[in-house]
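Reading through the C-alpha cells given below for one structure.
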Amino acid sequence: MFRIISTARLNELDNLASAFPMVRAKCDRLEKELKEEQQRTEELTTAAGRDAARFHQEVTDLRERTAAEVEEARGSALRTRQQANTLIEESARRARDVERRAHEKVRELRAKIEQLEAKLPDPLPTDVGVVARYENLVGAHINLTLYVTEDPAVTWYKRVDLSLVLLCTGCGHREEETRDGVTDCPEARTSFLNDPYDGAKLRRWAQEHAETCRAVTLHAQHTPGPLPVAAG
C-alpha cells in the first residue's frame with residue numbers, strides 16, 4: 001500500500017537533502033578539530049607530566065642538597081669547636097708551663113739572692129773614690145777605685161782591708177788587688193797604692209789596657225766594690 005506524501009513534505013525533504021552535504025562537511029571538520037584538540041591535549045598532558053617529573057626531581061635534589069649542606073655545616077661547626085677546644089687546651093697547657101717555669105725561675109733567683117747575701121762581706125767596703133783614671137782610644141774611662149773595709153773585731157786601733165779595683169767603663173774589664181789587716185793611715189794607703197805588686201801594678205795594667213781598648217762607654221757600667229768573698 002502506497003503512502004501519499006504531500007508537496008510540503010517533499011519540499012522539506014528536498015531541503016534537508018540539499019543541506020546534508022554541508023552538515024556532513026561540518027561534521028567532518030568538527031571531527032577533525034576534535035582529533036586535533038585531543039592530540040594537543042595528549043601533548044600538553046605529556047608535557048605536564050614531564051614538567052611534574054622534572055619538578056619532583058628538582059625538589060628531591062634540592063632536599064638532598066640541602067640535607068648535605070646542613071650535614072656539612074654541622075660537621076664544619078663540630079670541627080671548628082674541636083679545633084677551638086684544642087687551642088684552648090694547648091693555650092692552657094702553655095700557660096701552666098710558663099707559670100711553672102716562672103715559679104722555678106723565681107725560686108732559683110731567690111736562692112741565688114740568698115747565696116749572694118750570704119757572701120756579702122760584713123761590714124761592706126767603703127768607696128774612698130777614684131785614685132787614678134785613664135782614657136782608652138775612644139774616650140771610655142779606666143778607673144782605679146780604692147775601697148776600705150774596717151775590721152769590727154779590732155777596737156783599740158783602726159785595722160782595715162784595702163782593695164784597689166780596676167774597671168774599664170767600655171768593655172767591662174776588671175782587675176783587683178787587696179791588702180788585708182793594715183793600720184789605716186795615709187802612709188799605709190800610699191804604700192798600697194805605690195807598691196809595685198799592688199797599686200803600681202794595676203796602674204800599669206790600666207795604662208796598657210787604655211792603649212789597646214776600643215770599646216765605647218757602657219752607660220749602665222759603674223764601678224763596683226771588691227768581689228764578695230764567703231765568710232770564713
Side-chain angles (χ1 to χ4, degrees), residues 93-232:
R93 186 189 64 78
R94 291 182 178 178
R96 289 192 300 268
D97 187 51
V98 169
E99 185 178 3
R100 178 183 57 80
R101 290 201 302 268
H103 286 320
E104 292 177 354
K105 190 65 175 180
V106 167
R107 288 196 298 269
E108 180 182 349
L109 291 176
R110 286 178 178 174
K112 289 183 178 180
I113 291 173
E114 292 177 357
Q115 293 176 0
L116 291 175
E117 288 178 348
K119 291 181 178 180
L120 287 176
D122 186 19
L124 292 174
T126 301
D127 184 351
V128 176
V130 176
V131 297
R133 172 171 292 162
Y134 301 86
E135 191 174 281
N136 72 359
L137 299 175
V138 291
H141 292 160
I142 297 92
N143 295 326
L144 292 176
T145 306
L146 178 63
Y147 292 87
V148 176
T149 306
E150 296 186 13
D151 186 355
V154 179
T155 58
W156 58 92
Y157 71 97
K158 191 174 183 181
R159 190 172 71 176
V160 298
D161 297 333
L162 300 178
S163 300
L164 187 61
V165 177
L166 177 156
L167 181 67
C168 177
T169 60
C171 68
H173 178 72
R174 189 182 188 284
E175 299 286 351
E176 180 181 350
E177 289 294 336
T178 61
R179 180 178 293 183
D180 299 335
V182 300
T183 302
D184 189 20
C185 62
E187 292 78 8
R189 294 188 182 186
T190 301
S191 173
F192 173 64
L193 295 175
N194 294 329
D195 191 290
Y197 299 100
D198 293 323
K201 180 178 67 175
L202 284 186
R203 284 199 302 272
R204 185 176 68 256
W205 288 358
Q207 179 66 42
E208 293 173 355
H209 184 79
E211 293 173 354
T212 58
C213 180
R214 292 179 174 82
V216 298
T217 300
L218 300 176
H219 296 291
Q221 186 69 53
H222 61 282
T223 304
L227 291 174
V229 180

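This structure is a prediction, so every number in the text was calculated from the model and none was measured. In this chain, numbering begins with 1 at the start of the sequence shown.
Distance check: Leu164 CG to Asp198 CG gives 8.5 Å after rounding to the nearest 0.5 Å. Note: Trp205 CH2 to Leu144 CG = 11.5 Å, rounded to the nearest 0.5 Å. If you take CD on Glu135 and CG on Asn143, they are separated by 11.0 Å, rounding to the nearest 0.5 Å. Rounded to the nearest 0.5 angstrom, Phe192 CZ and Leu162 CG are separated by 5.5 Å. Expressed to the nearest 0.5 Å, how far CD of Glu175 lies from CD of Glu177 amounts to 8.0 Å. Atom CD of Glu176 and atom CG of Leu166 lie 10.5 Å apart (nearest 0.5 Å).
Under a 3.5 Å cut-off, the side chain of Thr169 and the backbone N or O of His141 do form a donor-acceptor pair. Under a 3.5 Å cut-off, the side chain of Asn136 and the backbone N or O of Val138 do form a donor-acceptor pair. Counting only distance, with no hydrogens or angles, the side chain of Ser191 and the backbone of Glu187 share no donor-acceptor pair below 3.5 Å.
For the side-chain hydrogen bond (donor to acceptor under 3.5 Å, both in side chains) criterion with Asp97, the lone passing option out of Arg93, Arg100, Arg94 is Arg100.
The ring pair (Phe, Tyr, Trp, His ring centres under 6.0 Å) test applied to His209 returns His173, not counting sequence neighbours. With sequence neighbours excluded, no residue forms a side-chain hydrogen bond (donor to acceptor under 3.5 Å, both in side chains) with Arg204.
Closest non-hydrogen pair, Cys168 versus Cys213, comes out as SG-SG, 3.9 Å. Residues Glu211 and Leu137 share a closest heavy-atom pair of O-CD1, 3.7 Å. What you find for Gly172 and Leu167 is that their closest heavy atoms are O-CD1, 3.7 Å.
Counting heavy-atom neighbours within 6.0 Å of Arg101 CZ, excluding the residue itself, gives a total above 12.
Checked for salt-bridge contact, Asp195 and Lys201 miss the test: no charged N lies under 4.0 Å from a carboxylate O.
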*Full working for side-chain contact (heavy atoms from CB on, under 4.5 Å) between Asp161 and Val148*: CA-CA 6 Å; Asp161 297 333; Val148 176; over 6 Å; no
*Carefully, step by step, assess Asp151 and Lys158 under the rule salt bridge (Lys or Arg N to Asp or Glu O under 4.0 Å).*
CA-CA 8 Å; Asp151 186 355; Lys158 191 174 183 181; over 6 Å; no
*Evaluate the criterion side-chain contact (heavy atoms from CB on, under 4.5 Å) for residue pair Val182 and Asp184; output intermediate values, then yes/no.*
CA-CA 6 Å; Val182 300; Asp184 189 20; over 6 Å; no
_Full working for side-chain contact (heavy atoms from CB on, under 4.5 Å) between Val106 and His103_ = CA-CA 5 Å; Val106 167; His103 286 320; 5.5 Å; no
*asked:* Set out, in order, the CA-CA distance, both residues' side-chain angles and the distance that settles side-chain contact (heavy atoms from CB on, under 4.5 Å) for Val128 and Arg189, then state yes or no.
replied: CA-CA 11 Å; Val128 176; Arg189 294 188 182 186; 3.8 Å; yes
